[in-house]
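Atoms within a ligand are numbered from 1 in the order they appear, just like the ligands themselves.
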Amino acid sequence: MKVTLSVLKADVGSIGGHIKPSRALLDEVKRFVKEAGKNLLIDFYIGSTGDDVAILATHERGVNDEKVHKMAWDAFLAGTAVAKKQGLYGAGQDLLKDSFSGNIKGMGPAVAEMEFEERPNEPFVFFAADKTDPGAYNLPFYLAFADAMFCSGLILSPKMGKGFTFRIIDVAHTEKDRIIDLNTPEEIYDIATLLRDNERYVIESIFSRSTGGQAASVSTTRLHNIAGKYTGKDDPVALVRVQGEFPATGEVLAPFEVGPYVAGFMRGSHNGPLMPCPLNATISYFDGPPVVTGAAFCVHEGKLTEPADVFDHPFWEYVRAKISEKAAAIRRQGFSGPAMLPYSELEYGGVVEKLAALDKKFKLRD
Ligand code: 13P
Ligand code: 13P
Ligand code: MG
Ligand code: MG
């Protein structure tokens, strides 16, 4: 059967700052989806990563379905009401529009969706990252799908050896989606040339060149492009199908050992290393470090298994210790140079006024 996986994710309020949603908020979102999804969804799973709540839903309605999106929007509104009642910080933070208008994309919440013909066994991983932006997946997914140093399947599996098509979106172009399709292995240098710029060029999806099947879908929302100012970080979600014509689960996880420096961290204005953490991870040091969680599932006739927590393993404790060192290392230089994001990213915050005021005080020396 043809199944659709939809992940819809928003920050609608959290305990103690931007740390984690409350139990009551999560319960309310769950209750709402269970009720409103009755004749809409086949199955669902609710999870949190830092202060973000994600709804992973399965159904047969295809991507960009108005009813599914509206249900998620309303679930986030219900969560916001609880957040307000509890006095949570940033209640309704990611709901940037006053009313629902057909598609939740462009309204604040992050969306990643895929429709595909279910294989007899259908494993996939649902990733969610907090305190960062969609470009955070650029390097890990490039390495998992295009680099034989990380993905041995590119050498060992004839199907995977045919390569993958990367669909990359220019997130700075806000009037209309501006996309490019590039193929591995022939065009890996072109892909790398774009993906080096995590703030502008973002992997939107990846397809197998052997079967045409979709391997990955990433949410590409940049909140400052919607709000025109800093309202919180984008905190992207992603879906990745694994095994068979796609990389093995472990090949998709392997690049996360790098702990790449990504944009986000405190006030969404710094660079920090991406730390793979267990499901429902909370946030701590300097409102970070940026975290990513992974829930692996199998789906059959739209029914989900329970999640397997891919970063909850002793190996990742060693990785987290190393990444903590990277976090402390860059934090030691405070606001200086690459520790903070460039002006182009900060211009959505208060620094604009500060620089404008200082600019007037500059004098030209005779
Ligand atoms: P969130 O986008 O996760 O709400 O974080 C915002 C922030 O500024 C943390 O310092
Ligand atoms: P406040 O200025 O409300 O403390 O928020 C700062 C912040 O958390 C940025 O997202
Ligand atoms: Mg928040
Ligand atoms: Mg968040």
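- Within the 2.8 Å limit, Asp130 places at least one N, O or S atom next to the Mg ion (ligand 4).
- Each of the atoms 1 (P), 3 (O), 4 (O) of ligand 1 lies under 4.0 Å from some heavy atom of Asp51.
- Which parts of ligand 1 touch Asp287 is read off a 4.0 Å heavy-atom cut-off, strictly below it: atoms 9 (C), 10 (O).
- Remark: ligand 1 atoms within the under-4.0 Å shell around heavy atoms of Tyr230 are 6 (C), 7 (C), 8 (O).
- In plain terms, the two heavy atoms of Cys151 and Glu251 that are nearest each other are SG-OE1, 3.6 Å.
- Contacts of Ile283 with ligand 1, taken as heavy-atom pairs under 4.0 Å, are absent altogether.
- When distances from the Mg ion (ligand 3) to the N, O or S atoms of Asp11 are compared, OD2 comes out shortest.
- With salt bridges taken as basic N to acidic carboxylate O contacts below 4.0 Å, one links Glu186 and Arg209.
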Determine, step by step, whether Lys131 and Met275 satisfy the side chain to side chain contact (heavy atoms under 4.5 Å, CB included) criterion, reporting the C-alpha distance in whole Å, the side-chain angles of both residues, the deciding distance to 0.1 Å, and the verdict. CA-CA 11 Å; Lys131 306 299 181 264; Met275 184 181 281; over 6 Å; no
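- Side chains of Ser217 and Glu113: a donor-acceptor N/O pair is absent below 3.5 angstrom, by distance only.
- Salt-bridge annotation for Arg119 and Glu122: present, with a side-chain N of the basic residue lying under 4.0 Å from a carboxylate O of the acidic one.
- A salt bridge between Arg222 and Glu345 is present, with a side-chain N of the basic residue lying under 4.0 Å from a carboxylate O of the acidic one.
- With ligand atoms numbered from 1 in the order given, ligand 1 contributes 10 (O) to contacts under 4.0 Å with heavy atoms of Met266.
- Taking Ile, Leu, Val, Met, Phe, Trp and Tyr as members and joining any whose side-chain heavy atoms lie under 4.5 Å apart, directly or through other members, the hydrophobic cluster of Phe286 also contains Phe265, Met266, Tyr285.
- Note on ring orientation: taking the six-membered ring where Trp is involved, the planes of Phe141 and Tyr137 are parallel (angle under 30°, cut-offs 30° and 60°).
- For Lys322 and Glu257, the salt-bridge test passes: some basic side-chain N is under 4.0 Å from an acidic carboxylate O.
- Of all N, O or S atoms in His18, the one lying closest to the Mg ion (ligand 3) is ND1.
- Listed by number with element, the atoms of ligand 1 under 4.0 Å from a non-hydrogen atom of Gln93 are 1 (P), 2 (O), 4 (O).
- Close contacts between ligand 1 and Lys233 involve ligand atoms 1 (P), 2 (O) [criterion: under 4.0 Å to a heavy atom].
- Taking backbone and side-chain atoms together, Asp235 has an N/O/S atom less than 2.8 Å away from the Mg ion (ligand 4).
- In summary, the atoms of ligand 1 found under 4.0 Å from a heavy atom of Gly232, numbered by their order in the structure, are 2 (O).
- Using a 4.0 Å cut-off between heavy atoms, Asp130 contacts ligand 1 through its side chain alone, with no backbone atom that close.
- Heavy atoms of His18 found under 4.0 angstrom from ligand 1 belong exclusively to the side chain.
- No N or O atom of Asp52 sits closer than 3.5 Å to an N or O atom of ligand 1.
- In this structure, Lys2 fails the cation-pi test against Phe116, since its NZ or CZ atom is not both closer than 6.0 Å to the six-membered ring centre and inside 45 degrees of the ring normal.
- The nearest N/O/S atom of Asp51 to the Mg ion (ligand 4) is OD1.
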